[in-house]
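Structure first, commentary second.
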Amino acid sequence: MKYITLNNGIQMPMLGYGVYQIPNSQTKECVLEALKVGYRLIDTAQYYGNERGVGDAIKASGIPRKEIFITTKLKSNHNVERLIEQSLADLQTDYIDLLLIHWVMGDDLATWRWMENAVRSGKVRAIGLSNFYGTDYDHIVKNAEILPAINQIEHHILRQNHSFHKTLDKTGTILEAWAPFGEGKAGILQNPTIRTIANKYHKTPAQVILRLYLQSGVVAIPKSSHKSRMAENFDIFDFSLTVQDMITLKNLNQEKDLFGWY
Ligand code: NDP
């Protein structure tokens, strides 16, 4: 595993396992498989309704809590203190490694203050944003006492956020890619250019995409319900893309929004 150092010195795995759209009843089994494969970063959210399954899996895995990095996300800007307590209870843990505001909700600075308090009280180790762009992102950065460690945004081969990534770099916020394969939309995993590069390294398109992020300083959290794909997506630490191949992959960018959300 490769780790990245967040702006507060904490080490975060650069490749994780996302559990969006996995029903709570199946989450324990999926996360247990992912932990067996070797994932140590689990990305959930209050909105997904499966924090309990994540907590069950971590408990059942027998892996020391400190070896696992848990991210969750706030679903509301009301009763933030209570929502954090609920996540701690569902995840069955004393602390959350990374807490994000899931999307712009309005009055986000007030939410951020609660999150800063949670860091100070030891309930959360790092805080960040998700789906914050432009002035919404700037507003938090300008007024934060603790700067955002992460901004988790839509990021795939057709939307590589080249310009925004530079902005995030300047403020020391790490870009984290949600939907790193664009959920397979727009034929991303069948793209002939990616296939050609993948064949050269005896790797799959999914592996080449994840390797591009790793070499670009982007944290990624692919989701799969299949053990074979969990393993495939994790098997990216034994090869390196050339600078030329990285440029070719970066040139596939169209800054194209595939979900119509943000
Ligand atoms: P992904 O881009 O990770 O795509 C997941 C889809 O790709 C699934 O249908 C999966 O199928 C398939 N897949 C996974 N691996 C492979 C592979 N190697 N080859 C072929 N197909 C594959 O999309 P997600 O939306 O799930 O995003 C990942 C994570 O990002 C989420 O789980 C969540 O944690 C986070 N997220 C955050 C958001 C936010 O607003 N902050 C929004 C959306 C996601 P199968 O399961 O059948 O294997």
Side-chain angles (χ1 to χ4, degrees), residues 12-24 26-27 29-31 33-34 37 39-51 53-54 57 69-76 87 91 96-105 108 127-133 136-137 148-161 173-191 194-195 198 203-213 218-236 256-262:
M12 178 177 186
M14 287 195 73
L15 181 65
Y17 179 66
V19 297
Y20 176 44
Q21 300 183 103
I22 302 180
N24 189 50
Q26 292 164 31
T27 300
E29 197 187 332
C30 285
V31 173
E33 289 292 1
V37 165
Y39 291 89
R40 291 295 179 267
L41 158 62
I42 309 296
D43 184 272
T44 182
Q46 293 167 351
Y47 173 73
Y48 303 166
N50 56 18
E51 288 174 302
V54 171
F69 191 105
I70 308 175
T71 302
T72 194
K73 315 180 192 89
L74 290 167
K75 66 179 176 187
S76 166
S87 280
L91 292 163
I96 293 158
D97 293 279
L98 175 65
L99 179 69
L100 309 177
I101 304 181
H102 205 149
W103 54 77
V104 174
M105 299 177 192
D108 298 298
I127 52 179
L129 303 167
S130 180
N131 303 308
F132 276 63
Y133 299 90
D136 294 315
Y137 174 75
I150 287 281
N151 195 2
Q152 185 183 115
I153 55 177
E154 178 183 342
H155 186 89
H156 41 73
I157 217 75
L158 298 181
R159 186 176 184 183
Q160 297 189 39
N161 300 292
T173 303
I174 305 293
L175 195 164
E176 184 174 23
W178 67 249
F181 309 135
E183 287 185 9
K185 293 180 198 291
I188 285 179
L189 292 171
Q190 287 77 40
N191 181 292
I194 304 175
R195 270 184 184 279
K203 289 287 177 182
T204 64
Q207 290 168 329
V208 161
I209 289 168
L210 294 173
R211 185 71 207 184
L212 171 70
Y213 303 150
V218 171
V219 175
I221 42 169
K223 173 261 170 186
S224 176
S225 302
H226 297 93
K227 192 175 182 185
S228 60
R229 285 175 173 168
M230 291 178 199
E232 175 187 334
N233 297 342
F234 197 74
D235 185 17
I236 60 163
K256 192 179 162 96
D257 154 21
L258 290 180
F259 296 84
W261 293 342
Y262 309 103

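Remember, predicted model here, so these are calculated numbers, not experimental data. Whatever order the structure lists ligands and atoms in, that order sets their numbers, starting from 1.
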Tell me yes or no: between the side chains of T72 and Q46, is some donor less than 3.5 Å from an acceptor?
no
Check whether any side-chain heavy atom of I209 lies under 4.5 Å from a side-chain heavy atom of L189, and answer yes or no.
yes
Atoms of ligand 1 less than 4.0 Å from S225 heavy atoms?
45 (P), 46 (O), 48 (O)
Between T44 and E51, a side-chain donor and acceptor under 3.5 Å:
no
Pick one: which of F69, F234, Y39 meets ring-ring contact (aromatic ring centres under 6.0 Å, His included) with Y17?
Y39
Heavy-atom contacts under 4.0 Å between N233 and ligand 1: side chain, backbone, both, or neither?
side chain
The option among K223, E232, K227 carrying the non-hydrogen atom nearest to atom 26 (O) of ligand 1 is K223
Rounded distance [0.5 Å steps], NE2 in H156 versus NZ in K185
9.5 Å
P180 and ligand 1 - part of the residue with a heavy-atom distance under 4.0 Å
both
For Y48 and T27, which I'm curious about, is there any donor-acceptor pair between the side chains at under 3.5 Å?
no
At under 4.0 Å between heavy atoms, what of S224 touches ligand 1? The answer is both
Do the side chains of D43 and K73 get nearer than 4.5 Å, heavy atoms only?
yes
If you define the side chain from C-beta out and look only at heavy atoms, does anything of P180 sit under 4.5 Å from L210?
yes
Out of all atoms in ligand 1, which are within 4.0 Å of some heavy atom of D43? Include the element for each.
33 (C), 34 (O), 35 (C)
Proximity flag G184 to ligand 1, non-hydrogen atoms under 4.0 Å
no
Any idea which part of T204 is under 4.0 Å from ligand 1, heavy-atom wise: side chain, backbone, both or neither?
neither
Looking only at distance, does A179 have an N or O less than 3.5 Å from an N or O of ligand 1?
yes
Heavy-atom proximity to atom 39 (C) of ligand 1, best of F234, W178, Y262:
W178
Which atoms of ligand 1 are found less than 4.0 Å from any heavy atom of Y48?
33 (C), 34 (O), 35 (C), 36 (N), 37 (C), 38 (C)
Could you list the atoms of ligand 1 found under 4.0 angstrom from a heavy atom of P222?
3 (O)
Within the structure, is a non-hydrogen atom of Y17 found at a distance of less than 4.0 Å from ligand 1?
no
I'd like to check which ligand 1 atoms, numbered from 1 as shown, lie under 4.0 Å from a non-hydrogen atom of I221.
28 (C), 29 (C), 30 (O), 34 (O), 35 (C)
